[in-house]
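Accompanying notes for the structure given below.
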Amino acid sequence: MTDVIKNSAHLAGVVILAGGASTRMGAAKAQLRLPTGERLLDYHVRHALDLAQAHTGNNKDIPIMVADNGRGFHVGSELMDSESQAPVMHIADYGANMINDQNADRQNSAGQNSNGQISNSQIHTGGALVAIESALQTVIKSQSLNALTENQSLWLLVISCDSLIPATDLWQKLQPIATQITKNQAADKKVICLTDDSHLYPLLGLYPLSLEPDLKAYIDNGTRRVMPFIKPCLQAVSFPNSWQYLTNFNTPTDFERACHSLSTLSMSDYQYQRNSQ
């Protein structure tokens, strides 16, 4: 049993990337409403909490982090009021002081929108990597990691708010690959992400905690582009065709199509469960 634990991939935290400018969408993606009425950010937090609970049985050990570039997107109170659940927290991007100063200048010159937030057209982001670096640092500093042995492989699950793939499903798809990498003693320097025939999805993936020093050095060197950083250590995983429209949406039409695809997929799962009873 001990060898199985040591050779398994372990979820150390989940970060939801919600700070993009969303210029083509015309509204912040985190605030979009699903046909059920649920906000997209709450959808991702809810599934992340389900994953944390399923992974440990005591999901207080796995932080759920919202990286919204200081935009102040709130999480529904119904997801925050349980003392037994994982901590849900907002985190600032690595190097956020400079970015926040730039956003403050834009806010002062252009004003706020009706809800007191910086408008999408004025938001400036440091890119996804500064959010991931902050999440890695947050998890590494977590006291709960002291309970894990040195031989365990620890991973950060990264989910972008331009996706409708639940954290539970994404972990289920990627975790076997992470476990195999661990067994082969090649866990560090590997990023695992989804792919299809023509695109990589690096913001739907697993990042090992051991990658943090390399990512910090990359950012400190003045670079922010995702693909040049991850390509040397990339492990791509194909996803099922049923996920095609769920992986990324940038326009209202894309989002409508993703919602329809999610509804169809959910109904298929429901019918399967009924037929299995």
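Hydrogens, waters and symmetry mates are skipped; everything else that's a heavy atom, side chains included, is used. None of the values given here were measured: they were computed from a predicted structure.
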For Cys259, is there any backbone N or O sitting under 3.5 Å from a side-chain donor or acceptor partner on Ser263?
no
Any side-chain donor paired with an acceptor under 3.5 Å for Ser160 and Asp162?
yes
For residues Gly13 and Ile62, report the shortest heavy-atom separation together with the two atoms involved.
CA-CG2, 3.7 Å
Carefully, step by step, assess Leu32 and Phe255 under the rule side chain to side chain contact (heavy atoms under 4.5 Å, CB included).
CA-CA 9 Å; Leu32 295 175; Phe255 181 60; 3.8 Å; yes
Would you say the side-chain atoms of Asp169 pair up with the backbone N or O of Ile165, donor to acceptor, closer than 3.5 Å?
no
Which heavy atom in Ala258 sits nearest to a heavy atom in Leu246, and how many Å separate them?
O-CD2, 3.3 Å
Backbone N or O of Ser163 within a donor-acceptor pair of the His44 side chain at under 3.5 Å?
yes
Here the gap from Leu40 atom CG to Arg33 atom CZ, rounded to the nearest 0.5 Å, amounts to 11.0 Å
Backbone N/O of Gln175 and side chain of Thr179: donor-acceptor pair under 3.5 Å:
yes
Hey, could you give me the CD/OG1 distance between Glu212 and Thr138, rounded to the nearest 0.5 Å?
10.0 Å
Which is it for Leu41 and Asp68 under the side chain to side chain contact (heavy atoms under 4.5 Å, CB included) test, yes or no, and what are the steps along the way?
CA-CA 10 Å; Leu41 178 58; Asp68 67 357; over 6 Å; no
Specify whether Trp243 and Phe239 have parallel, tilted or perpendicular ring planes, treating 30° as the upper limit for parallel and 60° as the lower limit for perpendicular.
parallel
Contacts of Gln172 meeting side-chain hydrogen bond (donor to acceptor under 3.5 Å, both in side chains) (sequence neighbours excluded), chain-then-number -> none
Please find the pair of heavy atoms, one from Pro213 and one from Ser210, that lie closest to each other, and give the distance.
CD-O, 3.4 Å
Could you walk me through whether Leu79 and Val88 pass the side chain to side chain contact (heavy atoms under 4.5 Å, CB included) check?
CA-CA 8 Å; Leu79 298 171; Val88 179; 5.8 Å; no
Name of the residue among Leu204, Ile192, Thr195, Leu170 meeting side-chain contact (heavy atoms from CB on, under 4.5 Å) with Val237
Ile192
Does Tyr245 have any side-chain hydrogen bond (donor to acceptor under 3.5 Å, both in side chains) partners at least two apart in sequence or in another chain, and if so, which?
none
Measure the spacing between CG of Leu211 and NZ of Lys216 and express it to the nearest 0.5 Å.
13.5 Å
Just verifying a value: how many Å separate Gln180 CD and Lys190 NZ, rounded to the nearest 0.5 Å?
12.0 Å
Parallel, tilted or perpendicular for Phe229 and Tyr218, by the 30°/60° rule?
tilted
Is it the case that atom CD in Gln244 sees more than 12 heavy atoms from other parts of the structure closer than 6.0 Å?
yes
Between the side chains of Arg39 and Asp42, is the shortest nitrogen-to-carboxylate-oxygen separation below 4.0 Å, so that they form an ion pair?
yes
With heavy-atom distances below 4.5 Å as the criterion, would you say the side chains of His10 and Ser153 are in contact?
no
Side chains of Asn69 and Asp93, heavy atoms from C-beta outward: is any pair under 4.5 Å?
yes
Between Ile132, Val14, Leu136, Leu206, which is the residue that forms a side-chain contact (heavy atoms from CB on, under 4.5 Å) with Val158?
Ile132
Which value, rounded to the nearest 0.5 Å, describes the distance between Asp197 atom CG and Ser238 atom OG?
7.5 Å
Nearest atoms (heavy-atom pairs only) where Met89 meets Pro63
CE-CB, 3.8 Å
Within a strict 4.5 Å, meaning less than it, do heavy atoms of the Phe249 and Met25 side chains meet?
yes
Side chains of Cys193 and Leu200: closer than 4.5 Å at any heavy-atom pair?
yes
Strictly distance-based, threshold 3.5 Å: is any side-chain N or O of Tyr43 a donor or acceptor partner for the main-chain N or O of Leu164?
yes
Flag the pair His47 / Ile159 as yes when at least one side-chain heavy-atom distance between them is below 4.5 Å, and no otherwise.
no
dist Lys29:NZ -> Asn250:CG (nearest 0.5 Å) comes out at 4.0 Å
Could you tell me whether the side chain of Thr247 reaches within less than 4.5 Å of the side chain of Asp196, counting heavy atoms only?
no
Side-chain heavy-atom pair Asp220, Tyr94 within 4.5 angstrom cut-off
yes
Within a strict 4.5 Å, meaning less than it, do heavy atoms of the Ile91 and Gln137 side chains meet?
no
Heavy atoms only: give me the nearest Trp171-Pro176 pair and the separation to one decimal.
O-CD, 4.3 Å
Of all heavy-atom pairs between Ala52 and Ile64, which one has the smallest distance, and what is that distance?
CB-CD1, 4.5 Å
